[in-house]
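Written below as structure tokens is the structure these notes are about.
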Amino acid sequence: MKLRSFFSVLTAMVGIFLLIAVSGIFWLAAQSPLTLLQGVHATPTAAMLVPRQAPLMVSLLVNPDRVESFRQVITPPGQRRRSRAELNQLKQNLLAKSGLDYQTDIQPWLGQELTLAVTTLDIDRQEQNGLQPGYLLALTTQEAGASRQFLERFWQQQALQGRNLVFEQYQGIKLISAKDPSLANVSAVASQSNSAGTTVATAMVGNQFVLFANHPKVLRNAINNIQATDLELGSAKNYQQAIAHLEQGRIGLAFLNLPALARWNPDSVAKRESKQPDPDKFESLALSLGLDRRGLMAETTLVAAHASFDQPSVPKLSRPVEALDYIPATTALAASGIDLDQLWTEISASLSSYDLIAKLVNQPLQDLQTRWGLNFPEDIFAWVTGEYALAMVPPAPAGSNLGLGPNWVFVAQSTEPQRTENVIQQLDQIAQQHGLGVGPLTLAGKPISTWTQLITAAPGSQPDPETKTGTTVLGAKVIGAHAGVDSYQIFASS
């Protein structure tokens with residue numbers, strides 16, 4: 001072989017190897033769990049199965065195994081075994097009653113989307129026999145044959161548990177359902193509970209979806225929605241507009257029909273009928289969840305009943321507030337913004353018609369108020385007209401003196417120093433009224449003030465050398481602390 005030909009062949013081989021190497025690098029990068037940090041911009045395909053009036057739809061837009069791999073990557077090496085064990089335990093608990101195994105029965109065919117929806121508040125639309133919401137779970141499949149085998153095994157397990165299976169063909173799709181055998185011979189069931197009380201129903205829609213529901217009627221309505229696009233949520237204008245304004249990459253998406261949720265009330269029928277949502281308020285809420293190395297990032301769109309998306313409102317903030325600089329990096333949950341007093345006033349007024357959502361917002365606040373003996377709207381929110389940040393820090397390690405529950409940190413910008421000083425004095429008075437001591441302390445070279453509670457330890461085992469009797473040890477348990485740093489006031493539960 002001539003030298004020139006040899007170098008030509010060598011060059012070609014090197015080029016091929018480089019191409020393979022570069023392709024491999026790109027493939028590895030694409031498969032890396034860290035790509036989830038960018039999220040996806042997909043929308044739930046299962047929206048075609050959900051009716052427009054559905055109160056709630058929540059979707060995971062990536063395969064759960066990818067989320068699990070991401071969690072393992074960002075978890076410190078020494079904690080990965082524990083993290084994996086926790087996830088495996090969660091899977092086992094979720095499937096405990098079904099007799100199925102996630103890794104064997106579900107993982108081989110599960111696709112990139114899981115959607116759970118509350119499709120209706122009452123399946124039979126007869127409130128006099130009680131409400132039974134309709135639930136629909138849609139799982140995409142990447143292997144139709146394995147999905148059908150999974151459903152066969154699932155129903156075999158149900159039959160072995162004594163449930164009577166009901167088979168039905170609806171518009172060319174096979175539906176299978178079963179009722180709780182313990183209710184089969186109870187004649188009073190129809191008069192005491194909702195007549196739609198089926199335990200589980202399934203269907204395989206084409207080669208795309210595996211559906212679970214709590215009644216065959218929920219599945220029939222889902223199939224109808226596919227064939228009549230004017231019925232399904234995906235074509236609803238408020239849904240499309242809300243989703244269009246969520247710009248960040250995401251792994252999950254939630255859509256709430258606020259007027260429908262306002263009617264989801266466990267109170268009496270008369271109270272539900274007398275308390276209808278205000279049509280001039282909000283119509284829907286869309287929530288996008290993305291991943292960050294420190295946790296989840298949320299982006300929301302709140303749609304007013306008469307919103308104009310041609311001229312969307314301009315957010316008050318264009319960048320994170322500096323109050324977040326004082327929030328620990330280990331924070332599990334954080335919220336921040338400006339003018340907390342105005343925000344709380346608006347939220348309270350807006351949620352007054354939505355009992356379910358108002359309870360979710362107010363309950364954590366009430367727990368904190370009970371714990372600290374405060375009225376937050378009056379004692380705290382009223383003077384926070386600048387920046388603020390609220391964070392929940394994970395529980396302290398076992399054996400520490402910080403308590404077993406989560407710790408809270410609240411940071412507020414002091415825009416009026418004299419008013420801030422008056423508020424601090426008022427908080428100290430409230431603490432003293434609840435039997436707490438107020439005292440100074442130096443921490444990391446900075447003065448702080450603590451609210452403490454005296455506690456007594458058990459008598460000492462060693463007698464006092466003078467009195468020859470046991471000793472009682474007094475200690476102080478920190479209930480809260482606060483400090484002024486620059487132009488910010490920092491409050492914490494420890």
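All residue numbers in this chain count up from 1 along the given sequence. What you are looking at is a predicted structure, and each value in this text was computed from that prediction instead of being measured.
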With heavy-atom distances below 4.5 Å as the criterion, would you say the side chains of [X] and [Y] are in contact?
X: L61; Y: P44; value: yes
X: L390; Y: L340; value: no
X: N221; Y: P51; value: no
X: W344; Y: V384; value: no
X: S235; Y: R52; value: yes
X: V210; Y: T202; value: no
X: L175; Y: K217; value: no

Nearest 0.5 Å, please: how far is [atom2] in [Y] from [atom1] in [X]?
X: S288; Y: I251; atom1: OG; atom2: CD1; value: 9.0 Å
X: I327; Y: M392; atom1: CD1; atom2: CE; value: 12.5 Å
X: R163; Y: Q157; atom1: CZ; atom2: CD; value: 11.5 Å
X: L110; Y: T141; atom1: CG; atom2: OG1; value: 8.0 Å
X: L49; Y: L233; atom1: CG; atom2: CG; value: 10.5 Å
X: E152; Y: Q149; atom1: CD; atom2: CD; value: 6.5 Å

Can you name the residues that form a ring pair (Phe, Tyr, Trp, His ring centres under 6.0 Å) with [X], not counting sequence neighbours?
X: W155; value: none
X: Y135; value: none
X: Y388; value: none

Show the nearest heavy-atom pair for residues [X] and [Y], with the distance to one decimal.
X: Q132; Y: D122; answer: N-OD1, 3.2 Å
X: A138; Y: L211; answer: CB-CD2, 3.6 Å
X: L136; Y: T119; answer: CB-CG2, 3.8 Å
X: P133; Y: N214; answer: O-ND2, 2.9 Å
X: T120; Y: P55; answer: N-CD, 4.1 Å
X: I243; Y: L253; answer: CD1-CD2, 3.5 Å

(request) Please state whether the rings of F150 and W109 are parallel, tilted or perpendicular, taking 30° and 60° as the class boundaries. (result) tilted
Sidechain-backbone polar pair: [X] side chain, [Y] backbone, donor-acceptor under 3.5 Å:
X: S493; Y: W408; value: yes
X: N63; Y: G111; value: yes
X: Q171; Y: N224; value: no
X: R250; Y: L287; value: no
X: E113; Y: T45; value: yes
X: E232; Y: G234; value: yes
X: E387; Y: V321; value: no

(message) Assess, by modelled atom type and distance only, whether the side chains of T385 and D341 contain a donor and an acceptor separated by less than 3.5 Å.
(response) no
(request) Please lay out, stage by stage, how Y170 and L219 fare under the test side-chain contact (heavy atoms from CB on, under 4.5 Å). (result) CA-CA 9 Å; Y170 185 76; L219 296 181; over 6 Å; no
(request) Determine, step by step, whether F154 and I106 satisfy the side-chain contact (heavy atoms from CB on, under 4.5 Å) criterion, reporting the C-alpha distance in whole Å, the side-chain angles of both residues, the deciding distance to 0.1 Å, and the verdict. (result) CA-CA 11 Å; F154 174 80; I106 300 176; over 6 Å; no
(request) Apply the test side-chain contact (heavy atoms from CB on, under 4.5 Å) to residues T115 and F209: give CA-CA distance (whole Å), side-chain angles for both, the deciding distance (0.1 Å), then the verdict. (result) CA-CA 10 Å; T115 292; F209 292 108; over 6 Å; no
(request) For atom CD of Q103, decide whether the heavy atoms of other residues, nucleotides or ligands shown that lie under 6.0 angstrom number more than 12. (result) no
(request) Assess whether side-chain contact (heavy atoms from CB on, under 4.5 Å) is satisfied between V205 and I226, documenting all intermediate values. (result) CA-CA 10 Å; V205 178; I226 297 177; 3.8 Å; yes
